Amino acid sequence: MNFCEAWQGRRGLWNCAIFISTIVVLSMNCAGLMVGITTVFPHLIYVPVVIAAYRYPKRGLLFAVVVGAFYLLMSYAFAAGSMALIIESLVRASVIVIIGWLIAVLSARLRDQERLYRGVFDNSEAGSLLIRREGSARIVEDANERAATLLDRRQEDLEGRPLSLFWTEEGETAIFSLLESDGRVNAGETVFYPADGGEMIVLVSLAPLPQGRSILSFVNITGRVNAEKALKTANDKLSLLSRIANDHLHRTVNEIIETADAAEAGVAAGGTDGHVLEKIRRLAWGLARQLFLAESYQDLGAVPPAWIPVQRVLSTQGIPGGTGAVSHRFWAERLEIYADPLFEKVLGHLVENSIRHGGDVEKIVVTYRETDEGLDLFVEDDGVGIPDEMKDQVFEYDSGKHAGLGLFICRQIVGVTGMTLVEDGTHGQGARFVIHVPEGNYRIEGRDADAPVFPVPEDPGVLSGRGVPHKSGAVVRELVSAEFPVANTLWIDYHETKGDPATDRIFAAFAGGEAVSVARCRRHTGGCEVDGVFTPERHRGHGYADAAVWGLVEACGHTTLYMHSVLNLTGFYARYGFVEIKEGDLPPSIRERFAWAQGAMEGANVCPMKRDADT
């Protein structure tokens, strides 16, 4: 440290105080000795000695010796042979040295203790807050780095701020009431609210300090609490599952035995029943399925939840096609759901349930819709549907003929991670199962850094096997974000439009392995807009644009859709449920795209259109 730095900042203030007080006190003593005053001014010498010994404990003794020696020399110079004055000055100089030594020792120990506690405070794995009381509010006086990290704030943003910044009044009052009644809090559970807007369950310890202060330490136990809840939920479900499985298995075995006895009696009487073998086969299949369910779901909640790619799971389930040709139309290419690994079996069971119990089912469609509360995943068919009075009963394990066993377990599985499962289809028009996924438990690949991009299969055979066939002969599928350049290439002749994975869902029609038409559904703050419907000139006249729009509307149809249609194509879009609307009926975020037209939509050769969400 150079000379200039010694006189700057807080260190400079201390050094100035020591230097000035020393000069002033020694000067006053010198003047006093000159006029014979030897009993008042010497007591002032303790002031710079105390200041210096407190500020610089390691040099305090040396400073006291120098000041004491200087005072002794001055006294000797003015003593004029007075032995009494010399002895008095020697004693006083000794006292100055002793005081300097004592203050230096105490200050050094205080600094050591301060460094010790500061090290514990700053380097603790727990968040630590020093809190002081200011009127009716409690203020954060100091915060360690760990506390700032857990609360998602900077240390300087916490210091001087009230606890209400991250703690509710009810939670704060409850913990500090325990402190007042018990003298300390060793393991209190409460909830903090970090800057990211989430909830953090914490375990706090709180102890009082002098001068109305207190020290609070906390650790994040959100993961542990959630794991305990999930484990308890899983154990409860496993216990119930065991009872259910035993009940159903015993019932099925008894039916098989009764059928076999009836067949034996029929043979003994000289007759046979042609339906006996078919009934036994059906019961045996049911028994095998129940055993499979019991074995599959015994690990419910035992494995941590994982991100499950919905489209990939549905495409690899090996779901049977039923008695007729059933079209499987899965529109969840980029969707991942955070759920128990057994959620894969839920998806397969819901699709298979439509095939086995839906009657003359021709199509099974899987789509999703984002809402303010999260996401709704739809699995629907065009079969006979479920009567209104049976919509809740189908999820009960004893709904009859074992039909509800699989659906009951499906509901338990989705409940492990806070999802719900209901059926809200229209009887006579088809069944529709809706899985509601809470916010934060789903993600769209490529949308942001938390949703990794799906790789594109290098094998052309894998790509050719994906998608939904259309009557035009094309195959339609949603593009993953890594395939957006495919659409961008087609759009070169369409205003050089570019796709954005953060807001867009792009659907492409493929013929001969080549993308021949595209359509886009873009998410705005006020709604979803259909645009970018384009087919290169060399591919027109084959119905490929029809295929791309058909796929988009079926995939996004549970959301209200808006668009600006070219005037000569309004009839084309009307076939998909779009109706003409006034420009003012468009959401502002969609209307502003054509703000340059200043309300003259016809002059811009476009017409606003709207398609209400499917119900």
Side-chain angles (χ1 to χ4, degrees), residues 310-312 314-316 319 321 324-335 362-368 380 382 454 456-495 497-499 501 504-522 528 530-558 561 563 565-566 568-578 611 614:
V310 174
Q311 185 85 7
R312 194 179 309 166
L314 288 169
S315 301
T316 57
I319 300 167
V326 179
S327 174
H328 296 162
R329 281 131 69 164
F330 304 147
W331 304 104
E333 192 76 41
R334 298 173 58 197
L335 176 63
E362 295 183 359
K363 66 178 181 181
I364 299 173
V365 182
V366 177
T367 58
Y368 65 88
E380 49 194 321
D382 59 352
F454 287 171
V456 178
E458 297 181 1
D459 185 358
V462 175
L463 285 174
S464 62
R466 291 163 54 189
V468 180
H470 182 257
K471 63 183 180 181
S472 65
V475 174
V476 185
R477 63 179 173 87
E478 182 179 359
L479 301 182
V480 297
S481 59
E483 295 178 300
F484 275 31
V486 173
N488 296 341
T489 301
L490 265 64
W491 279 329
I492 288 177
D493 296 327
Y494 185 76
H495 316 300
T497 301
K498 301 289 185 182
D504 298 346
R505 296 183 69 183
I506 301 177
F507 298 83
F510 289 82
E514 178 186 4
V516 294
S517 185
V518 289
R520 175 174 69 179
C521 180
R522 167 158 285 189
C528 291
V530 176
D531 72 342
V533 180
F534 181 72
T535 304
E537 188 171 351
R538 67 183 183 278
H539 294 302
R540 292 175 185 172
H542 301 286
Y544 296 151
D546 187 38
V549 174
W550 166 77
L552 181 152
V553 170
E554 185 166 84
C556 306
H558 287 294
L561 301 175
M563 71 180 309
S565 169
V566 178
N568 63 345
L569 292 179
T570 55
F572 169 76
Y573 291 114
R575 301 206 310 260
Y576 293 100
F578 285 91
R611 183 187 187 277
D614 295 334

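We number each residue from 1, following the sequence as shown. Only heavy atoms go into these numbers, but all of them, side chains included; no hydrogens, no water, no symmetry mates. Here the structure is a predicted model, which means the values were calculated and not measured.
Judged as a side-chain hydrogen bond (donor to acceptor under 3.5 Å, both in side chains), and not counting sequence neighbours, Ser565 has no contacts. The side-chain hydrogen bond (donor to acceptor under 3.5 Å, both in side chains) test applied to Arg334 returns Glu445, not counting sequence neighbours. The side-chain hydrogen bond (donor to acceptor under 3.5 Å, both in side chains) check on Thr535 picks up Ser517, with sequence neighbours excluded.
To the nearest 0.5 Å, the span separating CG on Asp493 from CD on Glu537 amounts to 9.0 Å. Taken from NE2 in His558 to CG in Asp614, the straight-line distance is 5.5 Å, to the nearest 0.5 Å. Rounded to the nearest 0.5 Å, atoms CG (Leu335) and OG1 (Thr367) are 10.5 Å apart. The structure places CE of Met563 at 4.0 Å from OH of Tyr573, a figure rounded to the nearest 0.5 Å. The distance from the CG atom of Leu314 to the CD atom of Glu333 is 10.5 Å, given to the nearest 0.5 Å. Atom-to-atom distance recorded for Lys498:NZ and Asp504:CG is 13.0 Å, nearest 0.5 angstrom.
Trp331 and Trp550 have perpendicular rings, their planes meeting at more than 60° on a 0 to 90° scale where under 30° would count as parallel.
Cation-pi geometry between Arg466 and Phe454 is not met: the NZ or CZ atom fails to fall both under 6.0 Å from the ring centre and inside 45° of the normal.
Across every non-hydrogen atom of Cys521 and Leu552, the tightest pair is N-CD1, 3.6 Å. In terms of heavy-atom proximity, Glu554 sits nearest to Lys363 at OE2-NZ, 4.4 Å. Closest non-hydrogen pair, Phe534 versus Leu490, comes out as CE2-O, 3.0 Å. When every heavy atom of Asn488 is checked against every heavy atom of Gly499, the shortest pair comes out as OD1-N, 2.9 Å. Minimum interatomic distance between Ala332 and Val310 (heavy atoms only, all atoms of both residues): CB-CG1, 3.9 Å. Smallest separation of non-hydrogen atoms from Arg312 and Thr316: O-OG1, 2.8 Å.
Between Arg505 and Glu478 there is a salt bridge, since at least one side-chain N of the basic residue sits less than 4.0 Å from a carboxylate O of the acidic one.
Counting only heavy atoms from C-beta outward, the side chains of Arg477 and Gln311 never approach each other to under 4.5 Å. At a threshold of 4.5 Å between non-hydrogen side-chain atoms, the residues Tyr494 and Val518 do not count as touching.
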* Dump the intermediate steps for side-chain contact (heavy atoms from CB on, under 4.5 Å) on Arg520 and Thr497, then the final yes or no. => CA-CA 10 Å; Arg520 175 174 69 179; Thr497 301; 3.6 Å; yes
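When the shell of 6.0 Å around CD of Glu514 is examined, it contains more than 12 heavy atoms from other residues, nucleotides or ligands.
For the pair His542 (side chain) and Tyr544 (backbone), a donor-acceptor distance under 3.5 Å is absent.
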